[in-house]
Amino acid sequence: MDRTNEEQDNMPTSELQNSAKAGEPEADEPRRRDFIHIAAASFAAVGIVASFWPIIASLYPAADVIAEGTITVDLGPIEPGQRITVEWRRKPVFIHHRTPEEVAAARSAPLLSLPDPQLDRDRVKRDEWLVVVGVCTHLGCVPKGQLAREPRGDYGGWFCPCHGSQYDTSGRVRRGPAPINLEVPPYRFMSDAEIRLG
Ligand code: FES
């Protein structure tokens, strides 16, 4: 019940103090409300981060994916003229230890007659080593020619039996429907006898 000013003037001091204390909760009310709002906002923030965590986590590659992305290849056992295939990022990669004759054949190709003109020296880091992804650029077949007994086409590189594309000793398309040369993957020499792919 409200008291008039005159009634309050006549109230004992102790009653006035009690009356003031009775009003304190109203003064504290904003602070409690602030706390409730802050707490609610914090829970909401945690909830949002938690709900997005699978998406955030998926932005970081798993350790096995990182490991798979880089492989080291020992070139020591590969004789001149030999070719080996390694798997890198689930794709075959052809590594060809070229003979001087195979290098010369690649260098003598008339550049302007190539469907995808590219200098041999721009496709290799060292003359004797060619490294290309072994996937035909037409529709994705794996070309023949890694084994000496397989057909290599008219240019001594690779022959794709799916629709007849032919690649030379630089992995460049020379004939058939393949639109571009075999891809050169990212790699670097770690030593004279070792490369790292990826
Ligand atoms: Fe190689 Fe068609 S997939 S020629």
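Ligands are counted one by one from 1 in listed order, and the atoms in each one are counted from 1 as well. Treat the numbers as computed from the prediction; the structure is a model and nothing was measured.
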Set of residues satisfying side chain to side chain contact (heavy atoms under 4.5 Å, CB included) with respect to E183, sequence neighbours excluded: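 Expected list: K91, V133.
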Can you tell me if the gamma sulfurs of C136 and C141 fall under 2.5 Å?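 Cysteines C136 and C141 do not qualify as a disulfide pair, their SG atoms being 2.5 Å or more apart.
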Fit a plane to each ring of H97 and W129, take the angle between them on a 0 to 90° scale, and name the class: parallel (under 30°), tilted (30 to 60°) or perpendicular (over 60°).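 Judged by the thresholds at 30° and 60°, the geometry between H97 and W129 is parallel.
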Anything under 30° is parallel, anything over 60° is perpendicular, the rest tilted; go ahead and classify W158 against H96.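 Perpendicular, since the angle between the ring planes exceeds 60°.
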I want to check something: taking the side chain as every heavy atom from C-beta on, are Y167 and R152 in contact at a cut-off of under 4.5 Å?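 Heavy-atom side-chain distance check fails, nothing below 4.5 Å.
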Would you call R89 and P185 a side-chain contact if the rule is heavy atoms closer than 4.5 Å?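 No, every pair of side-chain atoms sits at 4.5 Å or beyond.
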Output, by chain and residue number, all protein N/O/S atoms separated from atom 1 (Fe) of ligand 1 by less than 2.8 Å.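 Checking every protein N, O and S atom gives C136 SG, C160 SG.
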